[in-house]
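Numbers for residues simply follow the sequence, beginning at 1.
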Amino acid sequence: MLSFSRVLACRQVARVATGVRGVASTNTQANSQSMVQDKVVISDSAVARLKEITGEKGWLRLAVEGGGCSGFQYNFDLEDGGELGEDDVLVERDGGRVVVDQTSLEYLQGATVDYHKELIRAAFRIVGNPQAEGGCSCGASFNIKLEL
């Protein structure tokens, strides 16, 4: 299975800080909202859970890989910190951190990372992915929306 999440090269970090509703900065609100739309959004429940399990140094690595019953699947890994790859983008909100590589980000732009609890399971999931056209019933895999 092909994984886009690991690239060994020079190490730099691209940081994007997002807020609950828009981005708190000196930029115009229109620019801030477009920046949030181009990146991954982290829900309140995901922020709370990430802060509990990753502490101040770790993050959730999110990647898109080929596979699953619909063609592509989401891959979630917890990492204790370390160095980020050259193509990694760190999205941070209120202390909750998610790292996505540039290739996967193309398939996740505008999507929301959520943490969902049920009686039978609790897990991170992707909701509202504008790049996905459909998926399997469990939500683990998806089809890419093709614009012809």
Side-chain angles (χ1 to χ4, degrees), residues 1-7 12-25 30-148:
M1 195 175 308
L2 182 61
S3 174
F4 298 112
S5 64
R6 307 276 187 240
V7 173
Q12 295 179 342
V13 177
R15 299 194 104 189
V16 177
T18 61
V20 177
R21 301 202 194 280
V23 175
S25 70
N31 287 340
S32 299
Q33 288 177 350
S34 68
M35 185 172 68
V36 171
Q37 293 298 322
D38 290 343
K39 305 298 177 197
V40 175
V41 178
I42 308 171
S43 72
D44 293 338
S45 61
V47 167
R49 184 63 179 147
L50 283 169
K51 286 168 59 174
E52 287 176 21
I53 61 177
T54 62
E56 294 182 15
K57 295 181 181 180
W59 55 73
L60 177 70
R61 180 171 292 276
L62 174 58
V64 173
E65 299 177 339
C69 54
S70 296
F72 292 92
Q73 63 187 3
Y74 302 114
N75 184 18
F76 299 93
D77 284 319
L78 290 172
E79 295 183 356
D80 291 333
E83 295 182 21
L84 297 177
E86 180 180 293
D87 71 335
D88 286 341
V89 175
L90 176 64
V91 180
E92 184 171 9
R93 181 177 149 228
D94 299 331
R97 291 171 300 283
V98 175
V99 173
V100 184
D101 63 88
Q102 288 287 342
T103 304
S104 295
L105 189 59
E106 293 178 25
Y107 300 105
L108 294 165
Q109 290 180 349
T112 300
V113 178
D114 188 38
Y115 183 74
H116 185 69
K117 276 180 153 179
E118 297 177 6
L119 290 174
I120 59 172
R121 71 179 183 151
F124 289 100
R125 64 182 183 172
I126 299 296
V127 295
N129 185 353
Q131 309 304 320
E133 187 170 54
C136 64
S137 61
C138 68
S141 66
F142 63 99
N143 297 328
I144 293 295
K145 192 181 292 186
L146 297 176
E147 296 181 24
L148 302 175

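Judged purely by atom type and a 3.5 angstrom limit, Asn129 uses its side chain to pair as donor or acceptor with the backbone of Tyr107.
By the 4.5 Å heavy-atom criterion applied to side chains, Gln73 and Val64 are not counted as neighbours. Looking at Arg97 and Val91, their side chains never come closer than 4.5 Å, going by heavy atoms from C-beta outward. Within the 4.5 Å cutoff, no side-chain heavy atoms of Ile126 are placed close to those of Phe142. Two residues are said to be in side-chain contact when any heavy atoms from C-beta on lie closer than 4.5 Å; Ser43 and Val113 fail this criterion. Using a 4.5 Å cut-off on side-chain heavy atoms (C-beta onward), Leu60 and Val99 make no contact. At least one side-chain heavy atom of Val100 sits less than 4.5 Å from a side-chain heavy atom of Leu108.
Aromatic ring centroids of Tyr74 and Phe124 lie 6.0 Å or more apart.
One finds the CG atom of Leu84 at 4.0 Å from the CH2 atom of Trp59 (value rounded to the nearest 0.5 Å). Rounding to the nearest 0.5 Å places CZ of Arg125 at 5.0 Å from CG of Asp114. In this structure, CD in Gln102 is found 10.0 Å from CD in Glu86, a value given to the nearest 0.5 Å. Rounding to the nearest 0.5 Å places NZ of Lys39 at 5.0 Å from CG of Leu105.
With hydrogens and angles left out, the side-chain atoms of Glu133 and Asn143 include no donor and acceptor closer than 3.5 Å. With 3.5 Å as the limit, one finds no donor-acceptor pair spanning the side chains of Thr103 and Asp87.
Closest non-hydrogen pair, Ala111 versus Pro130, comes out as N-CD, 3.7 Å.
Comment: Arg61 does not engage Asp77 in a salt bridge, judged by the lack of any side-chain N to carboxylate O separation of less than 4.0 angstrom.
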Pairs under 3.5 angstrom only: tabulate donor-acceptor contacts from the side chains of residues 48-56 to other protein residues two or more places apart or in another chain.
from  : atom 1 : to     : atom 2 : distance (Å)
Arg49 : NE     : Tyr115 : OH     : 3.4
Arg49 : NH1    : Glu52  : OE1    : 2.8
Lys51 : NZ     : Asp94  : O      : 3.4
Thr54 : OG1    : Leu50  : O      : 2.5

